[in-house]
Amino acid sequence: MVSLTAPYVSGFLAFREVPFLLELVQQLREKEPGLMPQVLLVDGNGVLHHRGFGVACHLGVLTDLPCVGVAKKLLQVDGLENNALHKEKIRLLQTRGDSFPLLGDSGTVLGMPTGQPSPSLSQALRSHDRSTRPLYISVGHRMSLEAAVRLTCCCCRFRIPEPVRQADISSREHIRKSLGLPGPRTLRSPKAQRPVACPKRDSGESSGGAPSPQRQADRTTPGGRRSTAQHQVGQR
DNA sequence: GCGACAG
DNA sequence: ATCTTGTCGC
């Protein structure tokens, strides 16, 4: 269990979560090196970021592990917009694995002018046949966008890649068992709501024939927090 | 008032 | 992220 102190500010997610993710990787490295994953699926963006360097890039550089940014919402940056045109493109993704490149209008890659058609470093991906909502995959560290998209898709039993999904589920369970037991909403009684604690405000992989390369994700802060005035409770 | 808003 | 309301499939 960890206690997050830095507030969540869009564009600065890494400053809030990376210290804890890094510590986990380091502990794994010294205590269970055999379980060290070959790649990390990070709940957040890689280069699809205001400054081209999201949490997946931070963690990748600090751990020297290949990282993939897996976001559930489009970070509208560099001219990218979740507008009608974008939604139409999403609608055209027919089956799992279908994707399209997200190309900003800056004409730069990682902030460096190319003077050439900029290669996309992120894509919208339909990860499952049964889910219309896409995943926004972006290069984090030491992996091509193509490999990142394929790997992510191969990890999807449902919309969210299993490593991220399982981390999410277990972390929420851990929080539920420690702090009160809000438990998942039953959806039974329409009027069963807990009192509000806080009034307002605060308010490179498949080498060899050995399949099953990656595993382990990182995924951090679940939801639990929001009790005192700002933020606490992390997990794992 | 309205749009944005990775988690 | 969290919260609501509503729909659909198993």
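Quick caveat, the model's predicted, so the values are computed rather than measured.
- For the pair A:Asn45 CG and B:dG7 P, the interatomic distance rounds to 7 Å; values are reported in whole Å.
- Per the geometry, NE2 belonging to A:His50 stands 8 Å off P belonging to B:dA6, to the nearest Å.
- The closest side-chain heavy-atom distance from A:Leu65 to A:His141 is not below 4.5 Å.
- Residue A:Pro161 is tested with A:Leu151, A:Asp43, A:Val68, A:Val70 for a side chain to side chain contact (heavy atoms under 4.5 Å, CB included); the sole match is A:Val70.
- Atoms CG (A:Leu4) and P (C:dA1) sit 13 Å apart, rounded to a whole Å.
- Spacing between C:dT7 and B:dG1 at atom P, rounded to whole Å, works out to 30 Å.
- Distances were taken from every side-chain heavy atom of A:Arg172 (C-beta onward) to each of B:dA4, B:dA6, C:dT2; the shortest belongs to C:dT2.
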CA sep, side-chain torsions, deciding dist, call: A:Arg172, A:Ile175, side chain to side chain contact (heavy atoms under 4.5 Å, CB included): CA-CA 5 Å; A:Arg172 287 172 194 288; A:Ile175 286 179; 5.7 Å; no
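- Using a 4.0 Å heavy-atom distance criterion, A:Val77 is classed as making no nucleic acid contact.
- When the P atom of C:dG9 is taken as reference, atom CZ of A:Arg130 falls 9 Å away, rounded to whole Å.
- Distance CG (A:Asn83) to P (B:dC2): 20 Å, rounded to an integer number of Å.
- Here A:Lys72 reaches the OP1 or OP2 of B:dG7: one of its side-chain N or O atoms lies under 4.0 Å away.
- In this structure, A:Arg126 is not positioned above the aromatic face of A:Phe100 in the sense of NZ or CZ being under 6.0 Å from the six-membered ring centre and within 45° of the axis.
- Atom P of nucleotide B:dG3 and atom CG of A:Leu74 are separated by 17 Å, given to the nearest angstrom.
- Both geometric conditions, a ring-centre gap below 5.5 Å and a plane tilt below 30°, are not fulfilled together for A:Tyr136 over the base of B:dA6.
- At the heavy-atom level, A:Gly11 lies under 4.0 Å from base atoms of the strands shown.
- Between the CD atom of A:Gln76 and the P atom of B:dA4 there is a distance of 6 Å, given to the nearest Å.
- Going from atom CG of A:Leu13 over to atom C1' of C:dA1 covers 11 Å, rounded to whole Å.
- Residues A:Ser10 and A:His50 form a side-chain contact, since some pair of their non-hydrogen atoms from C-beta on lies under 4.5 Å apart.
- A gap of 15 Å separates the C1' atoms of B:dA4 and C:dA1, to the nearest Å.
- As rounded to the nearest Å, C:dT2 and B:dC5 have C1' atoms that lie 13 Å from one another.
- Using a 4.0 Å heavy-atom distance criterion, A:Phe12 is classed as a base contact.
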